[in-house]
Each structure stands twice: as C-alpha cells, then as structure tokens.
There are 2 protein chains.
Amino acid sequence: MGPTIRDVARLAGVSKSTVSRVLNGDPNVAEETRNAVVAAIKEIRYTPNALARGLNTRKTGTIGLIISDITNPFHAEVARGVEDLASDFDSNVILCNTDGRPKKEAAYIDLLVEKRVDGIIFTSVKTDESDMTNLRSRRIPFVFAGRTLPDVAADSVVVDNILGGFQAANHLLRLGHQRIAYLAGPSHVSASMDRHEGYCQALRRAGIEPDPQLVIEGDFKQEGGYRAMSALLDRSLGITAVFAANDYMAMGALEAIYERGLRVPEDIAVVGFDDIPFARLHLVQLTTVAQPKYDIGAIAARMLFERIDGKAQDEPSRRVVLPPRLVIRRTCGEYLGQRDFAEPNRPSRVAEPPVGTT
Amino acid sequence: MGPTIRDVARLAGVSKSTVSRVLNGDPNVAEETRNAVVAAIKEIRYTPNALARGLNTRKTGTIGLIISDITNPFHAEVARGVEDLASDFDSNVILCNTDGRPKKEAAYIDLLVEKRVDGIIFTSVKTDESDMTNLRSRRIPFVFAGRTLPDVAADSVVVDNILGGFQAANHLLRLGHQRIAYLAGPSHVSASMDRHEGYCQALRRAGIEPDPQLVIEGDFKQEGGYRAMSALLDRSLGITAVFAANDYMAMGALEAIYERGLRVPEDIAVVGFDDIPFARLHLVQLTTVAQPKYDIGAIAARMLFERIDGKAQDEPSRRVVLPPRLVIRRTCGEYLGQRDFAEPNRPSRVAEPPVGTT
DNA sequence: GTCCTTCCTGGGACCGGTCCCGCATACATT
DNA sequence: AATGTATGCGGGACCGGTCCCAGGAAGGAC
C-alpha cells in the first residue's frame with residue numbers, strides 16, 4: 001500500500017541496504033548518498049514499518065502496563081510516570097485494565113506476548129505465578145510497581161508500607177490518641193498488611209497493645225470505608241482516631257463520621273494513605289501518608305528499560321524501596337492554614353533508581 | 001528464538017499452511033489433523049507472532065489513544081471506556097499523553113503510524129490539521145472523543161456543550177440568581193466557548209443581557225479557577241453565583257470563596273461541569289453538569305472499529321452528540337441530603353451509538 | 001607498481017507469518 | 001466409464017524491513 005523502503009531505494013538510485021543504513025544512522029554512508037536518500041524519503045512521504053523492523057530486530061519499542069483500573073487516581077499517576085519514561089526511551093505503552101481479575105490479566109499477558117512487547121510492568125493486585133514463569137521462559141523482562149510478590153524473584157519498586165503505617169499511627173499517638181482504629185484493605189493485599197504491621201509497631205512502641213477489635217477490613221474503596229467506619233462507630237469502642245489503609249477509604253470514613261454529626265478532628269482524627277489529589281482539597285485537607293506515585297511508575301519503567309537494553313541483563317533482581325511521607329493537613333488537628341495546591345509531581349529529571357539489591 | 005509455526009508444522013507432521021489454517025479457524029481442516037496441530041501447539045508452547053501476522057494482514061489489533069493527560073480524571077474515564085471496548089474487539093490501546101503540546105502530539109502520531117495502528121482516537125485539545133490529512137492519506141481511520149474540530153470532517157462524539165451551559169445557567173436563574181459569573185476555559189477550546197454560548201442563551205431567555213465583566217478566562221485547572229474567582233471577588237461586582245467551565249476550576253473557585261469567609265451556597269452558589277469523582281464527595285457535593293465520560297470513550301471506540309472493520313468504510317463522517325445531565329447537589333442550595341455514591345458508570349452493555357449523521 | 005586498509009555500496013538470505021494456487025482423493029452425476 | 005465438484009493439504013511467493021557478506025574504489029605504505 002504505502003511506499004516501502006524499495007520505493008525509496010529506487011527513487012534515490014541506491015539499494016535498500018543503503019536506505020536502511022540511512023534510516024538507522026549508520027556513519028558509513030557518503031554525505032551525498034545520504035542526502036539523496038533523505039530527499040527521496042521526504043518526497044514520497046515514506047514511513048518505515050515498525051512491524052517489519054520488529055520482526056527481525058526482536059524489539060518492538062512497546063511495553064505493556066498491567067493495571068487494575070486507570071480510573072483510580074493512584075494508578076493513573078503511576079501510569080503517567082511509566083508513560084513519560086517510556087516516551088523518553090522512544091517506547092509506547094499498551095494499557096491493560098484488569099479490574100484485578102486474574103482471567104483478564106492472563107488474557108492480556110497472552111496478547112502482549114503475541115505482540116512481542118519488550119517488557120511488562122505489573123501494578124495489578126493479583127498475579128498468577130505460572131504467568132510469571134511463562135514470561136521468564138520467554139525472556140520477557142517484567143517489573144512490579146507499587147507492589148511485590150513475595151515468591152517471585154523480580155525487579156520491583158515499592159513504598160515502605162511498614163514505615164508508612166508507622167508514621168500514620170505515630171502521628172496520631174503523639175497527638176495523644178490512644179484508641180486508634182485501622183481500616184484495612186483486602187486481607188490478601190500485602191500493602192494493607194504491611195501498613196497494619198507498621199501501625200502495630202507504633203502502638204507497641206508507645207506501650208499500647210493493639211486491640212484486634214479496632215481493626216476492620218474494607219475493600220480499598222470509598223463505600224467500603226464508609227461501611228467499615230459506620231460499623232466501628234456503632235460499636236462505641238471509644239475510638240478517637242482512625243487510620244485508613246488508603247485515601248478512598250478515608251473518604252468513606254469521613255462521610256460516616258460527618259453523617260453521625262461528629263466533628264473532624266475534634267471528635268475523631270483521620271489519617272489516610274496515598275495522597276490522591278482530593279486529599280489536598282481545601283474542603284477536605286486530609287492528613288495522609290503520601291506515596292511517590294509518579295516516581296514509582298517512572299522508576300519501574302527505568303528499571304525495565306535497563307533490563308531490556310541488556311545493561312542489567314542477568315543481574316539479580318533488584319528491589320527499590322521508596323520512602324513514604326507524612327503530609328499533615330487538617331484532619332488530625334494540626335492544620336496550619338496555608339493553601340496546599342498540587343505540588344509539581346512531574347520531576348523534570350527522574351532520579352536514578354536508588355540502588356538497593358536483594 | 002521461540003518456537004515458530006514451522007516447528008509446530010514439523011512436530012504435527014503437516015505443512016505450515018495447515019497450521020495457519022488451524023490458527024485461523026479455517027473449517028476445511030480434517031478433525032484428526034486439527035487435533036494433531038493443537039496438540040503440537042500445546043506441547044511446544046507456541047505463541048503466534050503478531051508482528052509477522054500483521055505484516056501481511058495489515059491489521060495490528062492495536063489502536064492509539066491520544067490524550068492530554070491520563071491523570072485528569074475526566075480523561076481517565078474516557079480512556080477506560082475506550083480500553084474496555086477495544087478489549088471487546090480483541091484490540092489493545094497504546095496510551096499517549098501529550099499535555100496538549102502539538103509537538104508531542106505530532107511525534108506520537110508518527111510513532112503510531114510507524115507501528116501501523118488500526119486507528120486513532122483523539123481526546124487532546126489542539127490538533128494539527130496537516131497531521132489529519134496525513135492520516136487521511138494513509139487511510140488510517142480516526143475519531144474525536146469529547147471534542148471536535150470544526151474544519152476536519154471526521155467522526156466525533158461529543159456532549160452537547162451548549163445545552164450543558166444552558167442547563168447550568170438556567171438552574172442558577174431559577175434559583176433566583178441574576179449576577180452569574182462564568183469562569184471560562186482557554187479561549188481556543190470549543191467546549192468552553194459552547195458552554196458560554198449556552199450560558200448566554202439562558203440569560204437572554206430570562207431577559208438578562210450577559211455582562212462581559214462577569215466572564216473571566218481560566219485554564220481548566222484548579223489554580224486557574226482559584227485565581228479567576230479571586231479576581232472576580234476582588235472587583236465586587238455583586239456576583240451571587242458562578243458557573244465554572246469545568247469541575248477543576250469549580251474546585252479552585254470554592255477555595256477562593258471559602259478563603260474570603262464566604263459561604264456556599266448562601267453567599268455564592270457554584271455550578272461545575274464534568275462531574276468528576278470529587279464532585280460527589282460528601283464534603284463537597286458540587287452541583288455540576290455531568291458528561292457521560294465513559295460512554296464518550298466507548299462510543300468513540302465503537303465508531304472507530306466500525307471504520308476499521310470496513311462496515312462504515314466510506315460513509316460520510318458521523319457526529320454523535322450526547323446529552324449532558326444536570327446533577328443537583330449542595331453548592332447551589334437544593335441539597336436533598338441523600339448520600340450520593342459513585343453511580344455505576346460501566347454499562348454492562350454499551351448502547352449502540354445513536355445515529356446522527358452530519 | 002603491488003599490497004593492504006578503509007570506506008561505501010549492493011545482493012540476498014532471513015524474520016514468521018498469510019494466502020493464492022495447484023494437486024490428490026473421494027464421492028456424486030450423467 | 002468419464003466427468004464434475006467438494007474437501008484437505010502442501011508449495012512457495014510475499015509482507016517490509018535488517019544484516020551479513022562480498023566486492024569495488026580510493027588512498028597510504030612499502
């Protein structure tokens with residue numbers, strides 16, 4: 001259909017090998033020849049066919065991003081980090097929303113393998129081990145962003161969830177709270193477990209034995225946070241503060257609290273996790289533990305490209321742990337009154353991934 | 001590297017043509033032969049190479065999605081609609097964030113053309129006409145989602161922005177407001193212009209001549225909404241209500257209003273546009289004009305695939321106009337007190353695109 | 001002048017599929 | 001028995017590039 005490399009060759013009066021050389025910036029081409037080829041390319045508006053190229057270079061310049069739901073602002077921010085970095089590496093990102101369903105995930109992986117993507121980034125929550133070994137045997141590199149799979153030896157970049165949980169609980173403790181509830185995520189998610197672990201550590205360090213009654217499981221969504229908080233309040237357990245495993249659940253919790261005519265933070269203090277955009281809204285001012293969402297994606301992508309480019313070909317798997325950051329706003333009572341607009345979350349230059357090998 | 005179709009053929013004792021037939025579900029294959037081939041495929045874990053296939057079928061099963069920023073919840077929702085539908089059509093979506101920069105957009109288009117995507121969906125704001133004619137000449141179908149380019153004859157699906165603007169202003173008018181400000185988006189964006197047009201129509205119908213002083217330009221972002229609203233309030237123009245061209249700017253406006261110690265809706269009523277998730281937060285309860293974001297993406301994708309599959313090959317370009325929907329919450333004073341959780345925004349079955357030809 | 005490099009270029013196998021064409025066999029038709 | 005037709009399968013050109021290999025021309029060393 002469109003013009004091919006042969007058409008260019010014919011017009012420029014050279015062989016297709018030479019055109020190919022020009023296309024790939026081979027220095028061993030006479031200036032004159034190069035100009036002729038470039039002119040011919042312009043003239044017939046030739047665009048190389050990446051399929052044909054990929055067929056024998058075994059590089060497609062495309063990576064897959066497996067994500068549970070791009071509609072979730074946390075994931076959107078991670079995705080943005082991934083895409084920006086891919087763009088720097090002249091790569092494209094294929095977006096795959098799995099809604100956390102293993103079947104969808106497996107189907108997507110198959111598709112990505114068929115398309116011979118250069119690598120895959122996983123953000124989604126559950127992942128089948130057999131898929132991993134499949135990818136491994138096909139030598140398709142992959143990395144986990146924002147989560148990790150205990151048994152799979154693979155590159156990953158995560159936030160220190162234990163530390164984050166500790167920071168959240170510790171902040172509440174130093175404000176004098178003693179009865180602090182934890183709104184957990186689904187029990188199989190390691191992030192939620194780790195945050196709980198940090199919460200327990202903080203309590204124990206303060207000489208308080210964690211009370212299992214104060215822990216209730218949610219689903220990482222607003223509705224679940226609302227229900228969990230409502231249930232907690234109904235039991236009148238003397239709670240004065242609550243730490244939600246993510247901001248969405250904190251949102252639901254706030255709602256439940258306000259609905260009962262209670263005040264935040266006077267009656268109940270609230271801390272979230274993630275620092276999604278809504279948390280910094282003037283009306284909300286949620287105190288929360290911020291994750292470097294964009295960096296998680298960007299660093300994961302950088303690690304992936306290092307594998308792809310063969311720089312880190314056969315190194316052992318690396319695990320980058322990023323620090324969480326407590327952002328103090330209004331919902332715990334230390335509101336300082338200043339505006340707090342979206343901070344620039346797109347570093348002009350993404351930092352090299354901190355070394356940290358496992 | 002990996003096993004090829006020849007390996008399968010050898011193992012099954014047939015020719016590669018036959019394997020290809022099995023792969024593509026050709027009925028003219030003996031049951032026995034088919035079984036042998038399937039078994040061979042299983043045994044050596046063969047995965048067809050989509051590059052090789054695409055090279056001569058001229059179909060890649062991949063579409064491009066050009067978007068300004070996936071981090072924007074409006075776009076994320078549209079993207080989700082696109083991706084879900086692509087998935088139904090066994091296609092993948094390549095995500096391209098342009099930040100509205102024409103240069104980035106042009107670069108992405110080139111890349112997508114090189115990869116021979118089956119089609120492209122545009123959501124981003126500015127688009128170079130020459131890129132369009134380029135795509136046209138290469139016979140790569142494309143459709144606009146959520147916006148339209150006046151001079152380019154192409155498929156598009158948009159919300160009726162004039163009607164939306166009318167609904168917003170009309171709602172404020174029937175609540176008794178007379179001095180209604182409009183926080184516009186960038187002046188070159190047709191959506192903002194159209195919403196302004198609807199706003200003017202509503203005012204005129206109520207016998208009020210629109211006052212240019214009450215219109216101020218923002219940037220579709222929170223910060224811009226904050227600045228615009230602050231400027232407006234500083235001028236003491238007797239404003240009792242404000243219509244923001246999108247929810248982000250409404251957020252900023254709310255902030256400016258609260259900062260001055262004014263109350264919403266008692267002192268100033270606020271209406272937004274889009275209905276992004278934050279708008280329904282209990283703490284915010286923003287009255288706004290909802291766009292069917294998911295459907296915009298899904299319908300755009302459906303239209304694109306109709307072009308790709310040749311069903312709508314040479315039909316004239318179609319323009320689908322979706323109705324906006326006024327969602328009354330708290331910020332205008334008709335708060336009814338009921339909770340308002342995320343409504344199910346993923347239709348199990350996406351409606352056929354309403355016919356409507358241009 | 002001969003030989004060796006270095007630079008530039010062309011030829012052609014190959015990447016891994018699809019698909020057209022042609023052939024063999026089996027069975028129905030006249 | 002001769003002819004026609006449907007089914008099942010193999011051979012090989014082709015999609016549009018990359019890249020190895022070989023060869024010619026030019027320049028330097030002896």
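Since the model is a prediction, treat every value here as computed from it, not as a measurement. Note on naming: letters A, B, ... go to the chains in the order of the sequence lines (proteins, then strands), and numbering restarts at 1 for each one.
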Answer with yes or no whether [X] presents, from its side chain, a donor or acceptor under 3.5 Å of a partner atom in the base of [N].
| X | N | answer |
| --- | --- | --- |
| B/Arg21 | D/dG8 | no |
| B/Thr33 | D/dG8 | no |
| B/Arg53 | C/dG16 | no |
| A/Thr4 | D/dG17 | no |

Whichever of B/Ser15 and B/Ala52 has its nearest DNA chain D nucleotide further upstream toward 5':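 With B/Ser15 and B/Ala52 compared, the 5'-side residue is B/Ser15.
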[atom1] of [X] versus [atom2] of [N]: gap in Å, rounded?
| X | N | atom1 | atom2 | value |
| --- | --- | --- | --- | --- |
| B/Lys59 | C/dG17 | NZ | P | 20 Å |
| B/Leu23 | D/dC9 | CG | P | 15 Å |
| A/Glu32 | D/dA26 | CD | P | 13 Å |

Determine: side-chain N/O of [X] to OP1/OP2 of [N], distance under 4.0 Å, yes or no.
| X | N | result |
| --- | --- | --- |
| A/Asn24 | D/dT18 | yes |
| A/Arg58 | C/dG16 | yes |
| B/Asn28 | D/dG8 | yes |
| B/Thr18 | D/dG10 | yes |

Identify which nucleotide among C/dG17, D/dG12, C/dG12 has an atom closest to any side-chain atom of B/Ser17, counting heavy atoms from C-beta outward. D/dG12
Looking only at side-chain atoms of B/Ile5, point me to the closest of D/dG16, C/dG17, C/dG10.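 Ranking D/dG16, C/dG17, C/dG10 by closest atom to the B/Ile5 side chain puts C/dG17 first.
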Using a strict threshold of under 4.0 Å (side-chain N to carboxylate O), is an ion pair present between A/Asp99 and B/Arg80? yes
